[in-house]
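This structure is a prediction, so every number in the text was calculated from the model and none was measured.
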Amino acid sequence: MQRLRALSLSSSVQLIAKHTDSLRKVFIIQPACCLTTKSTTTSQKLPTSHLDHFHVKTNIHSNSASSGVEDLLFYTITDGKEQVPISYFTSALKKTGLHPSDPRLKDCMEELRHAVNESVNEVMMDRDLFHRCVGGNIVLLIQAFRKKFIIPEFDVFAQKINEIYDTVRTQRNGKVADYIPQLAKFSPELWGVSLCTVDGQRHSVGDTKQPFCLQSCVKPLQYAIAVHETGTERVHRYIGMEPSGLKFNMLSLDDEDKPHNPMVNAGAIVISSLIKVMEFVKKMAGQEYVGFSNAMFQSEKETADRNFAIGYYMKEKKCFPTGADMIDSLDFYFQLCSIEVTCESASVMAATLANGGICPITGERVLSAEAVRNTLSLMHSCGMYDFSGQMAFHVGLPAKSGVSGAILLVIPNVMGVMCWSPPLDRVGNSVRGIHFCQELVSVFNFHNYDNLRHFVKKQDPRRPDGDDRNKSVFNLMFAAYSGDVSALRRFIRSEDLMLCCNEFNGHKDVVTFLTEICKVDPFVEDRWGNLPVDDAMQFRHEEVVKVLKDYQQVYRQQEAQHPEAERPPILNTIESIV
């Protein structure tokens, strides 16, 4: 049986892409003509000579060093087809978790809209249009379609979320808060869940575009902003960090005459005297919907006798910073509680906390790592009113609830979630929201103390499906043996492409695909010292021999024109891509 053992890239090449001040993603073109990601630091940049060698290896049949990479990505997305409807492309994006509204894809989507507006017929995405669209999004799209985001099988994960949502939807317990008249106007049937991962993967189900007020869910945000702006030491000069053991709106201070923590009303009122919030909240939401409900503000203020009592009590105990006005602080606190969001925008806020203070969809650092660490610690111990202990025990994740029916849930380094349903339990938490959080950690190993070796029934959505790889290997070998180039194109993203496509069985199209599209090195010897052309000659595949010999000549010419010591100008294109 004919084997093409030696067709593989002679060296891995790293393309370094800046993500944050402290983290970079490295894209590696491996022997399988694929791209994967690894963490690195700036000190691990590849020398220029290696990048020059990459240009030689990949630019043999292309006009630019980037076009080959874009072609590989194109065939990955289209499953090997030469053109597909634009709707197919956007649908494929959504399966990875990326949405057309993602600000990182703005230029790509504008190019697609421009193409649609200029055509009278249905617009098909071919390689030319794809090249015009991807532009600066090549790295992001490679990550998405190589399944290198935090949730690799995102469409499967999203389906599980939908199932949990439907299960919880049948819950009919609880009562909508009515002590603030504006809250009582919301229907008890409203129920929405949105999530956003640290890579910006998004999924929403239910009433996720309906605006509602953050209420107490604003408390961890304003605390994080206070620490970010003024530092931990100054904030906790006025506020404690212990659970109170009392209701959130009690007139109670700790032994040092300070509010117990920032998650109770007293603590939040004092925090309000230290900070400005609105601009930070918008940045945390990636500039998605953040509004203000004046009706809620007036309703909150008119029913705030207890909060005024708390304010005067703390003024008597000299809890406020010098020069702070208690009435102004209360007014500002009521305004913060009246900030409007949707499940979708609030999930980005939660994801910013999960991502160490960097907004996943804009890449902007909004909060310091110290502020986020402190905030998540207090959310874990104090964020759920009198249910905080049970939440820590059963769910094991930082969370904050509000009497509007919202629950802000953070899965550190993975994702943020916003659940919203107005009916509340006896301690003021959303009944459906609590149920959803409990179901989530019963299915997935997100609990802070889950251990896969002992919780064998739980799923880890951060791990790719190993069974799929075994199926891919079999399908790859069969496609190569049968000469099915279209099938091979579908596996361009597979790390096993060059390792498995040994069985070309004399098919000229297969060899052409591996040389012209994958740009493999034709001079790598197998373990018997044979080159690919030697195998082709041995089995008398004359057409294949001619293709390989012609390819060898072009390859030598390219190496002579661009020795490793030189730096071809076209490499600037590569650097602009990443």
Side-chain angles (χ1 to χ4, degrees), residues 17-20 22-28 34-40 92-99 102-105 137 139-162 164 193-205 284 286 344 346-367 369 372-373 376 395-399 408-418 437 440-441 443-448 450-452 455 458-466 468-469 493 495:
K18 181 176 180 182
H19 275 249
T20 70
S22 60
L23 179 66
R24 290 172 181 249
K25 294 289 184 181
V26 179
F27 290 80
I28 302 173
C34 63
L35 293 113
T36 60
T37 61
K38 292 185 180 179
S39 296
T40 188
L93 269 182
K94 290 180 180 179
K95 286 183 179 181
T96 71
L98 293 178
H99 276 231
D102 193 309
R104 297 169 295 178
L105 296 173
N137 300 126
V139 169
L140 179 67
L141 294 176
I142 285 171
Q143 281 184 294
F145 288 99
R146 286 284 302 138
K147 299 186 177 181
K148 296 303 176 182
F149 283 158
I150 188 67
I151 307 293
E153 305 292 342
F154 191 78
D155 53 336
V156 176
F157 176 73
Q159 183 57 43
K160 293 285 185 181
I161 295 297
N162 291 347
I164 297 174
V193 173
S194 290
L195 63 87
C196 176
T197 74
V198 294
D199 289 315
Q201 296 167 283
R202 311 282 297 274
H203 180 65
S204 296
V205 55
M284 290 184 70
E344 293 179 358
S347 69
V348 181
M349 297 178 191
T352 299
L353 293 175
N355 200 33
I358 299 171
C359 179
I361 64 172
T362 66
E364 180 180 7
R365 176 168 285 284
V366 184
L367 298 167
V372 173
R373 180 199 63 190
L376 296 182
V395 178
L397 293 169
L408 190 79
L409 182 72
V410 178
I411 307 172
N413 301 315
V414 180
M415 71 180 69
V417 182
M418 173 55 83
C437 293
L440 184 70
V441 297
V443 175
F444 301 108
N445 68 320
F446 288 150
H447 190 291
N448 192 42
D450 273 345
N451 186 312
L452 279 177
F455 288 82
K458 289 194 177 184
Q459 303 173 34
D460 187 355
R462 292 160 288 193
R463 292 188 174 185
D465 190 343
D468 286 347
R469 185 174 184 272
R493 65 177 178 268
E495 296 179 4

Margin query: Within this structure, what is the CD-CD1 distance for the pair Gln201 and Ile361, rounded to the nearest 0.5 Å?
Written below: 13.0 Å
Notebook entry, point to check: Mind checking what makes side-chain contact (heavy atoms from CB on, under 4.5 Å) contact with Thr96, not counting sequence neighbours?
Noted result: Leu98, Ala144, Phe145
Margin query: Within this structure, what is the CZ-OG1 distance for the pair Arg202 and Thr197, rounded to the nearest 0.5 Å?
Written below: 9.5 Å
Check: Nearest 0.5 Å, what's the CE-OG distance between Met415 and Ser347?
Finding: 10.5 Å
Notebook entry, point to check: Which pair of heavy atoms, one from Ala351 and one from Pro360, lies closest together, and at what distance?
Noted result: CB-CG, 3.7 Å
Margin query: On a heavy-atom basis, which atom in Leu408 and which in Ala346 lie closest, and how many Å separate them?
Written below: CD1-O, 3.7 Å
Margin query: Using the side chain to side chain donor-acceptor pair (under 3.5 Å) criterion, which residues pair with Asn162? Sequence neighbours excluded.
Written below: His203
Next item on the list: Might you point out which heavy atoms bring Pro461 and Phe157 nearest each other, and give the distance in Å?
Entry: CB-CD1, 3.6 Å
Check: Which heavy-atom pair separates Ala350 from Leu409 by the least distance, and what is that distance?
Finding: CB-O, 3.7 Å
Notebook entry, point to check: Taking only residues two or more places apart in sequence, or in another chain, which ones meet Arg104 in a salt bridge (Lys or Arg N to Asp or Glu O under 4.0 Å)?
Noted result: Asp102
Checklist line | Separation between NZ of Lys160 and CG of Asp155, rounded to the nearest 0.5 Å | finding: 12.5 Å
Next item on the list: Not counting sequence neighbours, which residues clear side chain to side chain donor-acceptor pair (under 3.5 Å) with Thr362? List them please.
Entry: none
Item checked: Met284 versus Cys359, closest heavy-atom pair with distance -> O-SG, 3.9 Å
Margin query: Any heavy-atom pair between the side chains of Leu397 and Cys437 that's under 4.5 Å?
Written below: no
Next item on the list: Search all heavy atoms of Phe444 against all heavy atoms of Lys458 and return the closest pair with its distance.
Entry: O-CD, 3.7 Å
Item checked: Full working for side chain to side chain contact (heavy atoms under 4.5 Å, CB included) between Leu353 and Leu367 -> CA-CA 8 Å; Leu353 293 175; Leu367 298 167; 4.0 Å; yes
Item checked: Set of residues satisfying side-chain contact (heavy atoms from CB on, under 4.5 Å) with respect to Val156, sequence neighbours excluded -> Glu153
Next item on the list: Please step through side chain to side chain contact (heavy atoms under 4.5 Å, CB included) for the pair Leu105 and Leu141, ending with a clear verdict.
Entry: CA-CA 9 Å; Leu105 296 173; Leu141 294 176; 4.2 Å; yes
Next item on the list: Hey, could you give me the CD/CZ distance between Gln143 and Phe149, rounded to the nearest 0.5 Å?
Entry: 5.0 Å
Notebook entry, point to check: Which distance, rounded to the nearest 0.5 Å, do you find between the OG of Ser194 and the CD1 of Ile161?
Noted result: 11.0 Å
Check: Who pairs with Val414 by side-chain contact (heavy atoms from CB on, under 4.5 Å), at least two apart in sequence or on another chain?
Finding: Ile150, Ile151, Ile411, Phe446, Arg462
Check: So, the side chain of Asn355 versus the backbone of Ile358: is there a donor-acceptor pair under 3.5 Å, distance only?
Finding: yes
